[in-house]
S.K.: 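I'd like to ask you about the structure that follows.
Just so it is clear, the values below take in all heavy atoms, side chains as well, and ignore hydrogens, waters and symmetry mates. Both ligands and their constituent atoms are indexed starting at 1 by order of listing.
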Amino acid sequence: MMEKRSEQSSAENPEELTNLKLKEAKQWAVGMPGVMAAMSDIMEETGLARGLKALSSMNQKDGFDCSSCAWPDPDDERSPIAEYCENGAKALAEEATQKKLTAEFFAQNSVTELSKLNDYEIGKKGRLTEPLFLPKDGTHYQAISWTNAFQKIANHLNSLASPNEATFYTSGRTSNEASFMYQLFVREFGTNNLPDCSNLCHESTGVALTETIGIGKGTVRLDDFYKAEVIIIMGQNPGTNHPRMLSALEKAKANGAKIIAVNPLVEAGLIAFKNPQKIKGVLGFSSHLTDLYLQVRINGDMALLKAIEKLLYDAEKEAPGEVFDSQFIGSKTIGFNSFVEQLQQYNLHELGLESGVPLEQIREAADILKKKKKIIICWAMGITQHLNGVDTIKEIVNLILLKGSIGKPGAGLCPVRGHSNVQGNRTMLIYEKPSKKQLDKLKEVFDFEPPREPGYDVVECIKAMHEGKLKVLFAMGGNFLSASPDTNYTADAIRKLRLSVHVSTKLNRSHLIHGDEAIILPALSRSDIDMINGEPQFISCENSMGVVQMSKGVLDPVSKNLLSENQIVCKLAKATLGTRTKINWDKYAYDYDAVRNLISAVVPGFADYNQKVRLPGGFYTLNPPHEGRFENTISSGKVPFTLTGIPQIRLGGDEFILATIRSHDQYNTTIYGLDDRYRGIYNERRVIFMNEDDMQEAGLRAKDLVDLYNYHNGIERVARLFVVVPFDIPKKNTAAYYPETNVLVPIDSVAEKSNTPTSKMVIIKIKKRIISD
Ligand code: SF4
């Protein structure tokens with residue numbers, strides 16, 4: 001019999017789905033509605049005074065870092081009015097809320113009752129205020145002291161047959177200081193099981209860039225945007241996911257840059273921007289952003305890139321030396337001839353068909369690029385979460401190499417990171433596959449033998465839980481279950497654990513699907529004052545462009561019973577390792593400067609960390625490719641061109657491709673509201689965006705109810721009761737929000753080499769729901 005996996009939290013009552021209101025999708029982003037939406041959330045959650053106090057400090061040089069995305073702050077002057085966006089304000093409202101969850105709340109609400117709520121309702125309950133424990137076969141979380149909580153976790157960890165039976169997840173919010181001490185504890189404990197949220201998002205970027213330019217990070221700085229001649233934005237929706245990028249694009253545009261957007265959905269934020277910080281924007285006038293919108297079909301990016309390269313090659317043949325950067329190619333790259341040889345074998349017409357973009361538009365893109373060398377290419381999950389995600393990024397690198405658009409002002413590679421310190425976590429050695437050099441350094445500085453065997457990434461970790469190889473999950477932040485693929489399979493995996501522990505600021509679904517025992521450790525948030533010995537402390541984070549800067553909270557915490565993530569790590573390490581540790585955890589729990597001195601001793605580029613992080617605006621991490629040096633590449637200082645192939649996607653007559661996406665009222669797995677203003681969706685998240693011709697052919701009309709099915713590897717996965725919404729999206733392509741549709745993402749459909757779930761490429765069938773009266 002076929003295995004079936006359907007949602008954990010599926011709304012089964014069609015009556016619940018009658019509130020959807022549809023409006024025209026917007027042709028511009030932000031404007032005054034963005035300001036109003038942000039302020040309304042602030043008023044509701046924090047109250048005006050607390051909200052304004054925090055907002056005035058958010059992303060300022062002496063303030064705290066937005067806990068949402070990783071878009072950088074300006075190096076020079078920052079706006080005294082608002083150095084944040086609508087979604088940053090919403091993220092603040094969520095974490096700075098005055099609503100509190102006490103032990104009484106948990107005594108009145110069983111885990112089963114709470115798990116019937118949807119993710120939005122769970123998130124709106126308020127801040128966690130004390131440590132909580134769910135005993136084996138218990139029905140309700142109950143209060144527990146910090147000491148007892150640490151002791152219980154330590155007892156579990158120390159009773160394992162091997163340290164490799166525990167896994168230690170990290171979400172991208174964790175500070176550099178806490179991340180460094182966390183990996184140190186985990187490695188002294190004896191495992192490299194350090195999966196993180198990068199495994200689910202930009203891992204393909206890390207792999208592709210490390211194998212080409214020699215460093216798994218982007219090469220541009222914010223200032224490069226203002227010098228660029230062309231900016232290409234691929235598989236990214238900045239209006240919702242990195243809203244302040246729109247200000248950078250507006251400025252780039254004013255400086256003469258051309259913008260090419262490559263995306264299957266037509267997104268408001270890529271079309272135009274009403275800057276609420278400018279009179280023009282307040283009065284409702286927008287700045288047009290995109291000069292050329294290439295509406296690729298899902299995963300048509302590789303074919304598009306090759307088609308552009310082919311056209312550029314033809315142009316170069318006609319005018320040698322004018323299109324390609326021959327000097328750069330000759331001195332800084334290898335493999336050009338093989339690359340060209342392979343490129344010539346492709347047929348332009350076929351590439352156009354595979355990409356889904358009309359040839360005349362591809363020619364227009366090539367014409368824009370022909371004479372330009374200051375080119376930036378940005379990308380996000382629309383590129384990384386595919387079977388061939390690593391190869392597509394390498395093809396982006398190929399295009400950049402042809403033009404010599406790297407290592408010079410106004411040019412380079414710009415993966416845009418999703419979570420505020422996801423890049424910093426990796427710099428701080430949160431990685432399941434550390435290099436020998438990194439481990440040797442830990443051994444040299446701390447005088448213990450770190451484990452050498454690679455650990456599990458997220459997908460491997462979920463499978464290992466299923467197989468009984470893992471007994472304890474410790475999650476530093478995040479919402480492990482909702483962020484992971486194949487929700488049902490992951491939930492079953494978690495239920496097999498002896499203990500699941502989450503360090504969190506708010507309740508989320510991962511607390512409600514648990515191991516035999518479960519513990520929640522409530523942490524201070526970014527905006528909270530972290531007071532030690534009467535002195536407010538600061539932590540630090542690294543943004544998407546490699547700037548490390550301090551972050552200092554300004555709000556009184558909602559409870560006196562919260563600890564910082566760094567304190568939680570250090571106290572747990574002490575409880576677990578006891579006399580066998582070589583590290584003075586008591587000292588590092590309360591002395592963040594001392595933690596930063598340790599980082600200085602281990603992480604390249606962090607010498608004098610304590611001095612540099614106190615400079616207004618912080619400092620840049622090491623990035624040789626930014627300066628045109630490729631010393632870490634496999635071919636001694638030269639970047640290889642990569643030979644890639646075109647993905648072959650063939651669908652059955654009743655099959656569609658689904659890309660899981662975010663709504664505008666959402667950040668990662670946190671749901672701020674039920675609207676998606678830019679796409680014209682109100683009061684509903686369970687919608688599926690479809691091409692109108694596809695709808696007609698499938699006998700579907702707007703607002704019809706459907707169930708979504710995936711049959712990867714002979715397993716039936718179902719997401720029930722979605723409402724059909726017509727949208728500007730290529731034929732046979734669909735999109736719907738996660739985490740609701742994560743149930744459809746097969747655990748064993750992952751990107752080659754990076755093991756990232758293929759969340760942007762899920763093959764589904766859509767079945768109309770017959771509702772009887
Ligand atoms: S762009 Fe990102 S980091 Fe900046 S304020 Fe908005 S959500 Fe926060």
S.K.: Distance under 4.0 Å to a non-hydrogen atom of C85: what atoms of ligand 1 satisfy this?
M.R.: 1 (S), 5 (S), 6 (Fe), 7 (S)

S.K.: Angle between ring planes, H242 versus W71, binned at 30° and 60°: parallel, tilted or perpendicular?
M.R.: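 Ring orientation of H242 relative to W71: tilted.
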
S.K.: May I ask you to identify, for N59, whether its side chain, its backbone, both or neither come under 4.0 Å of ligand 1 on a heavy-atom basis?
M.R.: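 For N59, the contact with ligand 1 is made by the side chain alone.
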
S.K.: Can you say whether the rings of Y678 and H664 are parallel (under 30°), tilted (30 to 60°) or perpendicular (over 60°)?
M.R.: tilted

S.K.: Under a 4.0 Å N-O cut-off, is there an ion pair linking E203 with R426?
M.R.: yes

S.K.: Taking atom types as modelled, is there a side-chain donor on N479 or S510 under 3.5 Å from an acceptor on the other?
M.R.: yes

S.K.: Between the side chains of K90 and E94, is the shortest nitrogen-to-carboxylate-oxygen separation below 4.0 Å, so that they form an ion pair?
M.R.: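 Salt bridge between E94 and K90, a charged N being under 4.0 Å from a carboxylate O: no.
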
S.K.: So which protein heavy atom does atom 4 (Fe) of ligand 1 come closest to, and at what separation?
M.R.: R244 NE, 2.9 Å

S.K.: Nearest heavy atom to atom 2 (Fe) of ligand 1: which of S67, C69, A70, G88 does it belong to?
M.R.: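 Nearest option to atom 2 (Fe) of ligand 1, by heavy atoms: C69.
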
S.K.: Near C66, which atoms of ligand 1 are under 4.0 Å from a heavy atom of that residue?
M.R.: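 Close to C66: 3 (S), 5 (S), 7 (S), 8 (Fe).
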
